[in-house]
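Every value quoted in this text rests on a predicted model; they were computed, and no experiment measured them.
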Amino acid sequence: QKMKSVVFIAIASALLVCVCSQKLGVDLYAASPVSTWRCLKQAGFTYAIPRAYRSNNKIDTNVIGNINNAWAAGFSWVDVYMFPCPRCGSPSKQVNTLVDYLSKNQTRYGRVWVDVEMKDDYWMASTAANRAFFEGVIETLAARRVSIGIYTSKSQWEPIMGSNYTRGSQYPLWYARYNNQINFNDFTAFSGWTRPYIKQYVGDVTVCGVDIDKNYMP
């Protein structure tokens with residue numbers, strides 16, 4: 001009986017370690033008060049990635065409040081994501097506009113995730129033109145000493161940049177696969193990325209009264 005108890009405790013402890021080691025996060029764009037962020041924290045989310053730049057070539061002015069409120073609610077880290085506008089002109093101007101805005105508001109954040117998706121809606125027909133724009137974005141972020149990550153997936157990256165273009169793979173990858181699986185078992189290497197950093201595993205769900213995407217990081 002004693003041995004069975006020991007085995008049960010060991011299994012339960014292992015399961016607890018497994019669950020606790022999973023870091024769950026949210027990304028969103030809606031302006032959310034501290035009370036909403038506290039609710040999200042109580043729901044098990046520990047990191048936040050609010051939108052900072054919109055695909056219409058404008059700052060997302062909700063971002064300052066969202067960053068500050070996430071920190072105030074006790075989130076362990078906060079990044080932001082940038083949805084650039086490749087058809088709107090200078091990539092360096094877009095990046096500088098964003099970084100200057102965040103700096104002016106004395107905002108504390110970790111990394112800027114560059115969103116690369118939806119070719120027909122936002123990107124150019126030419127992979128060469130898309131690569132040039134992308135390089136302008138990451139080179140300007142690097143020049144501003146901002147940590148960089150890339151949000152994309154194989155199905156999005158390859159039509160936009162080409163399967164043999166590996167320039168993005170030097171940065172952490174945040175990919176999407178909406179299968180409600182909190183693991184990386186579905187990941188397939190592409191364009192230089194052999195392992196992801198974050199997985200967006202559920203998209204567009206309402207939690208705590210706000211529309212979010214759910215994310216996993218081991």
Mark yes or no for whether [X], through its side chain, and [Y], through its backbone, hold a donor-acceptor pair below 3.5 Å.
X    : Y    : answer
Q94  : V137 : no
K199 : Q181 : yes
D115 : T152 : no
W193 : Y171 : yes
R87  : W123 : yes
D213 : V26  : no
S76  : Y47  : no
T166 : S169 : no
S153 : S155 : no
T107 : L102 : yes

Looking at every heavy atom in both G162 and T127, which two are closest together, and how far apart are they? N-CG2, 4.1 Å
Could you tell me which non-hydrogen atom of Y178 sits nearest to which non-hydrogen atom of Q200, and how far apart they are? OH-OE1, 2.5 Å
Using a distance-only test with no angle check, is there a side-chain donor-acceptor pair under 3.5 angstrom linking N130 and Y122? no
How are the rings of F134 and Y165 set to each other: parallel, tilted or perpendicular (split at 30° and 60°)? perpendicular
For W113, does the six-membered ring have the charged nitrogen or CZ of R111 within the cation-pi criterion, i.e. under 6.0 angstrom from the centroid and within 45° of the normal? yes
Do other residues, nucleotides or ligands put more than 12 heavy atoms under 6.0 Å from the OH atom of Y197? no
Taking atom OH as the centre, does Y109 end up with more than 12 heavy-atom neighbours from other residues, nucleotides or ligands that are less than 6.0 angstrom away? yes
Hey, are the side chains of V116 and I160 touching, using non-hydrogen atoms and a 4.5 Å cut-off? yes
Per the disulfide bond (SG atoms under 2.5 Å apart) rule, what does the pair list look like for residues 126-213, sequence neighbours excluded? C39-C208
Does a side-chain N-to-carboxylate-O contact under 4.0 Å join D60 and R51? yes
Does a side-chain N-to-carboxylate-O contact under 4.0 Å join R144 and D100? yes
Distance col, row N62:CG vs S32:OG, nearest 0.5 angstrom, shows 8.0 Å
Among all residues two or more places apart in sequence or in another chain, which pass the salt bridge (charged side-chain N to carboxylate O under 4.0 Å, His left out) test with R131? none
Please determine whether salt bridge (Lys or Arg N to Asp or Glu O under 4.0 Å) holds for the pair E139 and R167, giving the CA-CA distance in whole Å, both sets of side-chain angles, and the decisive distance to 0.1 Å. CA-CA 11 Å; E139 287 168 6; R167 180 73 186 274; 3.4 Å; yes
Option from I150, D186, T188 for which side-chain contact (heavy atoms from CB on, under 4.5 Å) with Y175 holds: D186
